[in-house]
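Here the structure comes first, spelled out in structure tokens, and everything after it is commentary.
Heads up: numbering here begins at 1 and tracks the sequence. Atom set for the values below is all heavy atoms of this structure, side chains included, hydrogens, waters and symmetry mates excluded.
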Amino acid sequence: MAVQRRGNVKNSDSKAIEKKIKSRANAQRQTFTWRGLIIVLLLLTGISAAVIWLYMSLSDDVTETLVSRREVLTEPRLFLVQCSEDYENHKRFPGCTPKKCGRAVIDSVVTKEEAQALRRLAERGLSLGGSDGGASILDLHSGALSMGKKFVNIYRYFSEQIREVFTEEDFTLYRNVRGRIQRVIAETFGLDSSQMYLTKPTFFSRINSTSAKTTHDEYWHPHIDKVTYGSFDYTSLLYLTDYGVDFGGGRFIFMDPNSNGTVEPRAGRVSFFSSGSENLHRVEKVVWGTRYAITVSFTCDPDHAIADPTLP
């Protein structure tokens, strides 16, 4: 019978034990790795939630949605507010100077198709230039167009070539829509429409999430139209794109003493309001996509009136 070598058995047992120890160590390391990843993910989730909560609590403090994008208003939804004393510092015009102040929204003045046509007009015009920052304007009345960090006059800059960009039909639609907006403002606030006059600035705006390069790009600051532009008595906005579909952020915010109220843009929606301190407002920063709108402004003072634009 052959003699067994106990030393080899011992070596074999030692190797088996070492293998088990290494295997257990690897398993423990994998467990610790997964546990570590889970802890990190939980921490990141908690931090993200805290940041979102902090942003929401400190940003706009929105407490009420006056009109959501999903609603369709066939009649003006009017929110009355007390008129400020701003109008006392300006000449008063019977039948026009605000006695009844507020803000209103309606979706039946401009059709979806008309809003799309006006958006295409804006896109063609703004494609000729555009701000380096996130906010660009196109004013068909004065010809002002954002270009880089300044403005140019498109009618002088592009001369006869402008007829390759705009058509008579574009300007006819623009004038018709302006007239309808003027009439609904007059009807809602009990004014004599013939005593209202278009005033400057009245313009298309395009806003995206590009960071501001000049103060002209900083559209989000709270302001009062009657203070910024003394001629303003009534301000209106016609939205050409949809909040939550074409862009995020960019809601219009009325800033009241105890709360804020928002209007969510919808293509074809008209929002209008008396221009005094009773309607302090701002626009949220656009965080994605592109927001198109037209600001159409009215005065009661014929000395500050401007004519409808015509194609050169």
Side-chain angles (χ1 to χ4, degrees), residues 110 113-182 197-221 223 225 228-232 235-241 246-247 250 265 267-268 270 283 286 289-299 303-312:
V110 180
E113 292 72 25
E114 289 172 329
Q116 290 170 345
L118 288 168
R119 174 182 172 175
R120 290 193 294 271
L121 186 164
E123 288 173 336
R124 293 197 304 274
L126 287 161
S127 70
L128 300 175
S131 169
D132 288 342
S136 301
I137 67 112
L138 168 65
D139 185 337
L140 294 181
H141 301 265
S142 68
L145 171 70
S146 301
M147 185 172 286
K149 294 182 175 65
K150 59 182 181 178
F151 299 94
V152 299
N153 186 312
I154 54 171
Y155 301 131
R156 294 176 188 167
Y157 198 87
F158 295 98
S159 189
E160 291 298 320
Q161 295 177 340
I162 205 67
R163 285 186 169 269
E164 298 174 11
V165 180
F166 303 128
T167 67
E168 291 290 356
E169 289 75 16
D170 291 331
F171 280 65
T172 298
L173 173 61
Y174 181 88
R175 290 191 292 270
N176 288 341
V177 165
R178 190 275 306 160
R180 277 180 258 157
I181 292 173
Q182 182 171 337
Y197 306 94
L198 196 63
T199 193
K200 62 180 180 181
T202 286
F203 56 93
F204 288 87
S205 61
R206 180 186 70 191
I207 304 175
N208 58 37
S209 59
T210 304
S211 59
K213 300 298 186 296
T214 71
T215 55
H216 296 298
D217 299 317
E218 296 180 7
Y219 57 86
W220 54 81
H221 298 297
H223 62 279
D225 290 345
T228 305
Y229 309 103
S231 63
F232 278 36
T235 307
S236 69
L237 292 106
L238 167 58
Y239 297 108
L240 306 179
T241 43
D246 300 302
F247 62 92
V270 178
V283 175
V286 171
T290 305
R291 177 189 189 269
Y292 283 92
I294 311 175
T295 298
V296 185
S297 315
F298 296 96
T299 184
D303 290 340
H304 291 286
I306 62 172
D308 282 317
T310 56
L311 190 60

Kindly compute the distance separating [atom1] ([X]) from [atom2] ([Y]), expressed to the nearest 0.5 Å.
X: T290; Y: N208; atom1: OG1; atom2: CG; value: 5.0 Å
X: T210; Y: D217; atom1: OG1; atom2: CG; value: 9.0 Å
X: L118; Y: L173; atom1: CG; atom2: CG; value: 4.5 Å
X: T215; Y: H221; atom1: OG1; atom2: NE2; value: 8.5 Å

Give the minimum heavy-atom separation between [X] and [Y], together with the two atoms involved.
X: D139; Y: T202; answer: OD1-O, 3.2 Å
X: S236; Y: I181; answer: OG-CG2, 3.4 Å
X: G268; Y: A115; answer: N-CB, 3.6 Å

Partner residues of Y197 under the ring-ring contact (aromatic ring centres under 6.0 Å, His included) criterion, sequence neighbours left out
none
ring-ring contact (aromatic ring centres under 6.0 Å, His included) partners for F232, two or more places apart
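Here the qualifying residues are Y229.
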What pairs with [X] under side-chain contact (heavy atoms from CB on, under 4.5 Å), at least two apart in sequence or on another chain?
X: Y219; answer: A135, I207, V283, K285, V286
X: T172; answer: R175, N176
X: K149; answer: D132, K213, T214
X: I306; answer: H141, L198, K200

Give every residue pair that meets the side-chain hydrogen bond (donor to acceptor under 3.5 Å, both in side chains) criterion with at least one member in residues 303-312, sequence neighbours excluded.
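Checked against side-chain hydrogen bond (donor to acceptor under 3.5 Å, both in side chains) - neighbours excluded - the pairs reaching residues 303-312 are R178-D308.
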Under the side-chain hydrogen bond (donor to acceptor under 3.5 Å, both in side chains) definition, can you give me all pairs with a residue in residues 153-165, not counting sequence neighbours?
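Passing the test, one end in residues 153-165: no pairs.
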Between [X] and [Y] (side chain of the first, backbone of the second, donor and acceptor by atom type, cut-off under 3.5 Å), is there such a pair?
X: T299; Y: S231; value: yes
X: T241; Y: Y292; value: yes
X: R124; Y: V165; value: yes
X: S131; Y: S146; value: no

Can V270 and V296 be said to form a side chain to side chain contact (heavy atoms under 4.5 Å, CB included), step by step?
CA-CA 10 Å; V270 178; V296 185; over 6 Å; no
Take the angle between the ring planes of H216 and F151 and call it parallel below 30°, perpendicular above 60°, tilted in between.
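Plane angle over 60°, so perpendicular.
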[X] versus [Y]: any side-chain heavy-atom pair under 4.5 Å?
X: V110; Y: L238; value: yes
X: L140; Y: F171; value: yes
X: S136; Y: F204; value: no
X: L121; Y: F166; value: yes
X: L128; Y: I162; value: yes
X: I294; Y: L240; value: yes

Suppose we screen for side-chain hydrogen bond (donor to acceptor under 3.5 Å, both in side chains). Which residues come up paired with [X], at least two apart in sequence or across chains?
X: S297; answer: none
X: Q116; answer: none
X: R291; answer: none

Among side-chain atoms of T228 and D225, is any donor-acceptor pair under 3.5 angstrom?
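Looking only at side-chain atoms, D225 and T228 do not form any donor-acceptor pair under 3.5 Å.
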Going through the checks in order, is the salt bridge (Lys or Arg N to Asp or Glu O under 4.0 Å) test met by E114 and R119?
CA-CA 9 Å; E114 289 172 329; R119 174 182 172 175; over 6 Å; no
For residues 113-132, which residue pairs pass the ring pair (Phe, Tyr, Trp, His ring centres under 6.0 Å) check, not counting sequence neighbours?
none
Tell me, with the steps shown, if L311 and T167 meet side chain to side chain contact (heavy atoms under 4.5 Å, CB included).
CA-CA 7 Å; L311 190 60; T167 67; 5.5 Å; no
